[in-house]
> 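Handing you this structure, nothing more for now.
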Amino acid sequence: MAIHLHATPPPGGRPITQHALYNACWRGELPAEALDTNTREHLVYDLWLHGWTDTEIAAHTSMTTYTAARIRARLGLAPHHARKEAAA
């Protein structure tokens, strides 16, 4: 999946590089809406590859669970189910 980034510089700030914008969203420092549609799909795909659920992706990227699930489904990816944590 190719990455096509189109960063918008922050008001009054230096332009952010395409790579830095994607990485900031991947780290959860910026909402995924900062990315264009194709790159947002790539972000969801990348997090999905790491085993993240729709809920985890949504919380991390500041999108709704519905949006995360819709993007995942559009990409033809099966949902990951929440992992059960061991009782303490």
Side-chain angles (χ1 to χ4, degrees):
M1 180 176 276
I3 299 175
H4 302 285
L5 300 172
H6 304 285
T8 303
R14 294 178 47 167
I16 186 169
T17 66
Q18 310 296 332
H19 189 69
L21 179 64
Y22 180 84
N23 286 338
C25 292
W26 196 92
R27 290 188 306 267
E29 296 168 358
L30 290 175
E33 68 184 23
L35 303 170
D36 65 38
T37 302
N38 291 334
T39 308
R40 194 174 313 127
E41 287 178 352
H42 181 81
L43 178 62
V44 169
Y45 177 73
D46 195 20
L47 295 171
W48 178 87
L49 281 176
H50 284 83
W52 292 32
T53 66
D54 295 341
T55 302
E56 291 168 331
I57 292 169
H60 186 73
T61 61
S62 299
M63 65 175 74
T64 66
T65 303
Y66 171 80
T67 299
R70 186 173 44 97
I71 292 170
R72 180 200 35 79
R74 186 170 56 236
L75 295 173
L77 306 171
H80 289 295
H81 299 288
R83 295 167 290 281
K84 295 185 182 210
E85 295 184 27

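Computed from heavy atoms alone, side chains included, the values below leave out hydrogens, waters and symmetry copies.
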> In the single-linkage hydrophobic clustering (I, L, V, M, F, W, Y; side-chain heavy atoms under 4.5 Å), do L35 and L49 co-cluster?
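Yes, L35 connects to L49 through the hydrophobic network.
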> Anything under 30° is parallel, anything over 60° is perpendicular, the rest tilted; go ahead and classify Y22 against H42.
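Answer is tilted, since the angle falls between 30° and 60°.
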> Please report the shortest heavy-atom distance between L21 and A34, naming the atom on each side.
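Nearest heavy atoms, L21 then A34: CD2-O, 3.8 Å.
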> List the steps and the verdict of side chain to side chain donor-acceptor pair (under 3.5 Å) for W52 and H80.
CA-CA 7 Å; W52 292 32; H80 289 295; over 6 Å; no
> With sequence neighbours left out, what residues match R40 under salt bridge (charged side-chain N to carboxylate O under 4.0 Å, His left out)?
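With sequence neighbours excluded, R40 shows a salt bridge (charged side-chain N to carboxylate O under 4.0 Å, His left out) to no residue whatsoever.
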> To check you understand the geometry: which heavy-atom pair defines the closest contact between H60 and L47, and what is its length?
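Where H60 meets L47 most closely, the heavy atoms are CD2-CD1, 4.2 Å.
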> At their closest point, which heavy atom of C25 faces which heavy atom of P31, and how far apart are they?
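So the minimum-distance heavy-atom pair works out to SG-O, 3.4 Å.
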> Looking at residues at least two apart in the chain, or sitting in another chain, which of them share a ring-ring contact (aromatic ring centres under 6.0 Å, His included) with H50?
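Checked H50 against ring-ring contact (aromatic ring centres under 6.0 Å, His included); matches are W26.
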> Looking only at heavy atoms, what is the nearest atom pair of T67 and M63, with distance?
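Distance-wise, the nearest heavy atoms are CG2-SD, 3.9 Å.
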> Measure across V44 and I57 and return the closest heavy-atom pair with its distance rounded to 0.1 Å.
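Between these two residues, the closest heavy atoms are O-CD1, 4.0 Å.
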> Which value, rounded to the nearest 0.5 Å, describes the distance between T39 atom OG1 and D46 atom CG?
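One finds 12.0 Å between OG1 of T39 and CG of D46.
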> Would you give the length of the straight line joining atom CD of E56 to atom OG1 of T65, rounded to the nearest 0.5 angstrom?
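One finds 10.5 Å between CD of E56 and OG1 of T65.
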> Please lay out, stage by stage, how L75 and R72 fare under the test side chain to side chain contact (heavy atoms under 4.5 Å, CB included).
CA-CA 5 Å; L75 295 173; R72 180 200 35 79; 5.8 Å; no
